[in-house]
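Values below: every heavy atom of this structure, side chains too, minus hydrogens, waters and symmetry copies. Numbering of ligands and ligand atoms starts at 1, following listing order.
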Amino acid sequence: MNKVQQAAPVAVVTGGSRGIGRAVAVALAKQGWNVCFSYVANAAAAQETTASVIAAGGRALAVKADVASPEDIRRLFAAAFQEFGRIDALVNNAGIVGEPRSILDADDAHLTAVFRTNVLGSFFCVSEAARLMSTQRGGHGGTIVNMSSAAARHGGMPNEAHYAASKGAIDSFTFALAKELAPHGIRVNAVRPGLINTEIHEAHGGQDLVNRIGPTVPIGRAGTAEEVAEVVAFLCGSLSSYVHGTLVDVTGGR
Ligand code: NAP
């Protein structure tokens with residue numbers, strides 16, 4: 001076994017300070033991964049994630065880095081590589097809903113903010129990660145999990161075409177990457193959560209909305225961040241070695 005095979009695998013999780021990203025960081029740490037995660041504003045929440053990752057048995061590195069900024073993303077991956085010496089997985093999780101807005105009132109700044117974060121941010125992160133993991137560039141391969149949404153196929157909540165369409169782009173991105181990155185030793189999949197009980201819903205009704213829609217889900221409730229994280233961790237690891245170019249719905253049947 002060489003040095004790379006012996007060391008614990010390392011994941012970069014964007015938006016790991018809260019919600020699904022935090023649950024992914026902890027789930028990976030429980031499975032023996034070290035985790036570098038990004039956040040954009042909430043340093044206290046990032047500290048809590050760091051403590052949870054360490055408690056779960058992993059090493060943690062929190063980096064304040066906006067996925068919408070290519071410079072921040074370069075800094076994020078440089079910091080991860082400097083700290084851990086390798087990158088084995090990217091979980092492209094950071095995302096925003098944006099304020100609900102009818103298409104009749106479409107606004108350049110609003111659309112740009114959502115698409116820069118949800119779509120361009122994912123492109124920037126994959127570009128950096130793929131350069132480090134590519135077997136054609138001296139890397140040892142790896143996995144990418146993109147965070148899409150069931151909204152990509154059902155159109156999302158009222159007045160959120162911007163969000164649904166940004167996640168539709170993530171689905172297409174995943175299919176294209178699976179073809180492009182397989183020769184580089186990189187497996188790519190996406191997870192499409194349904195209604196998951198996190199703070200993202202503050203954008204459109206918060207806990208009231210979750211409480212109202214939860215019972216209409218076929219399984220009878222909203223999902224938890226941990227229920228999504230287990231699937232993401234499976235897709236990051238070797239147990240999913242022949243799963244590639246796939247969208248995995250985690251929706252309670254919705
Ligand atoms: P959340 O609870 O609002 O957490 C969002 C996380 O992303 C936070 O850690 C936040 O950092 C970070 N973040 C936001 N904008 C960022 C940026 N520009 N750069 C870096 N980090 C940023 O959201 P969530 O519900 O866990 O959602 C995570 C992902 O799952 C998103 O892509 C979302 O679209 C997707 N998803 C969620 C649901 C759901 O029902 N919850 C359903 C389908 C898909 P700070 O703490 O610093 O703010």
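One hydrophobic cluster holds both Val248 and Met147 under the rule that ILVMFWY side chains link at heavy-atom gaps under 4.5 Å.
For ligand 1, none of its N or O atoms has an N or O atom of Ala150 under 3.5 Å away. Looking at Ala45 next to ligand 1, no N or O pair under 3.5 Å apart turns up. Considering backbone and side-chain N/O atoms, His201 comes within less than 3.5 Å of an N/O atom of ligand 1. Considering backbone and side-chain atoms together, Pro193 places no N or O closer than 3.5 Å to any N or O of ligand 1. Between Ile20 and ligand 1, at least one pair of N/O atoms sits closer than 3.5 Å. Residue Ile196 places at least one N or O, backbone or side chain, under 3.5 Å from an N or O of ligand 1. On a distance-only criterion, Ala41 and ligand 1 share at least one N/O pair closer than 3.5 Å.
Here the heavy atom of the protein found nearest to atom 35 (C) of ligand 1 is Met147 CG, 3.7 Å. Scanning the protein for heavy atoms near atom 9 (O) of ligand 1, the closest one is Ser17 OG, 2.6 Å. Of all protein heavy atoms, the one lying nearest to atom 23 (O) of ligand 1 is Ile200 CB, 3.5 Å. Among all protein heavy atoms, the one lying closest to atom 19 (N) of ligand 1 is Val67 N, 2.9 Å. Annotation: atom 6 (C) of ligand 1 to nearest protein heavy atom, Gly15 O, 3.6 Å. When only non-hydrogen protein atoms are considered, atom 21 (N) of ligand 1 lies nearest to Ala94 CB, 3.6 Å. Looking at atom 31 (C) of ligand 1, its nearest protein heavy atom turns out to be Asn93 O, 3.2 Å. Distance from atom 10 (C) of ligand 1 to its nearest protein heavy atom, with residue and atom name: Arg18 NH2, 3.7 Å.
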Candidate pair Arg59 and Glu83, rule salt bridge (charged side-chain N to carboxylate O under 4.0 Å, His left out), full reasoning: CA-CA 10 Å; Arg59 287 169 60 201; Glu83 178 76 10; 3.5 Å; yes
Criterion side chain to side chain donor-acceptor pair (under 3.5 Å) on Asp88 and His140, from CA distance to verdict: CA-CA 8 Å; Asp88 300 87; His140 55 276; 2.9 Å; yes
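One option in Val228, Thr198, Asn118 has a heavy atom closer to atom 24 (P) of ligand 1 than any other, and that option is Thr198. In this structure, of Asp66, Val97, Val210, Val63, the residue bringing a heavy atom nearest to atom 17 (C) of ligand 1 is Asp66. Of the listed residues (Gly194, Ala44, Ser149), the one carrying the non-hydrogen atom nearest atom 38 (C) of ligand 1 is Gly194.
Each of the following atoms of ligand 1 lies closer than 4.0 Å to a heavy atom of Asn42: 45 (P), 46 (O), 47 (O). Which parts of ligand 1 touch Gly95 is read off a 4.0 Å heavy-atom cut-off, strictly below it: atoms 31 (C), 32 (O). Atoms of ligand 1 lying under 4.0 Å from at least one heavy atom of Glu199, given by number and element, are 2 (O). Applying the 4.0 Å criterion to heavy atoms of Thr117 picks out, from ligand 1, the atoms 18 (N). The Tyr163 neighbourhood of ligand 1 comprises atoms 33 (C), 34 (O), 35 (C), 36 (N), 43 (C), 44 (C), with distances under 4.0 Å to a heavy atom of that residue.
Note: Phe123 and Phe173 have parallel aromatic rings, judged against thresholds of 30 and 60 degrees for the angle between ring planes.
Taking a 4.0 Å cut-off on heavy atoms, Thr14 fails to register as neighbouring ligand 1. Note on ligand 1: Lys64 sits outside its first shell, no heavy atom being nearer than 4.0 Å. Distances from ligand 1 to the non-hydrogen atoms of Lys167 include at least one value under 4.0 Å. At least one heavy atom of Ala65 sits closer than 4.0 Å to an atom of ligand 1. No heavy atom of Ala222 sits closer than 4.0 Å to any atom of ligand 1.
Under 4.0 Å is where a charged nitrogen must lie from a carboxylate oxygen, and between Asp249 and Arg153 at least one such pair does. Residues Arg22 and Glu48 are paired through a salt bridge, judged by an N-O separation under 4.0 Å between the basic side chain and the carboxylate. The pair Arg101-Glu160 does not meet the salt-bridge criterion, since no charged nitrogen lies less than 4.0 angstrom from a carboxylate oxygen. Taking 4.0 Å as the cut-off between side-chain N and carboxylate O, Asp171 and Arg192 count as a salt-bridged pair.
The main-chain N or O of Gly194 is never found under 3.5 Å from a side-chain atom of Thr251 such that the two would form a donor-acceptor pair.
In Gln207, the CD atom is crowded: over 12 heavy atoms of neighbouring residues, nucleotides or ligands sit closer than 6.0 Å. Around atom CD of Gln82, no more than 12 heavy atoms belonging to other residues, nucleotides or ligands sit under 6.0 Å away.
Heavy atoms of Ser148 found under 4.0 angstrom from ligand 1 belong exclusively to the backbone.
To the nearest 0.5 Å, the span separating SG on Cys236 from CD on Gln31 amounts to 8.5 Å. Met133 CE to Ile87 CD1: the interatomic distance, rounded to the nearest 0.5 Å, is 8.0 Å.
Judged by distance alone, the side chains of Arg18 and Thr49 never bring a donor and an acceptor atom under 3.5 Å apart.
Looking only at side-chain heavy atoms (C-beta outward), Val53 and Trp33 stay at 4.5 Å or farther from each other.
The one candidate from Asn92, Asn93, Asn189 that meets the side chain to side chain donor-acceptor pair (under 3.5 Å) condition with Asn146 is Asn92.
Of all the heavy atoms in Val119 and Ser166, the pair that sits closest is CG2-O, 3.5 Å.
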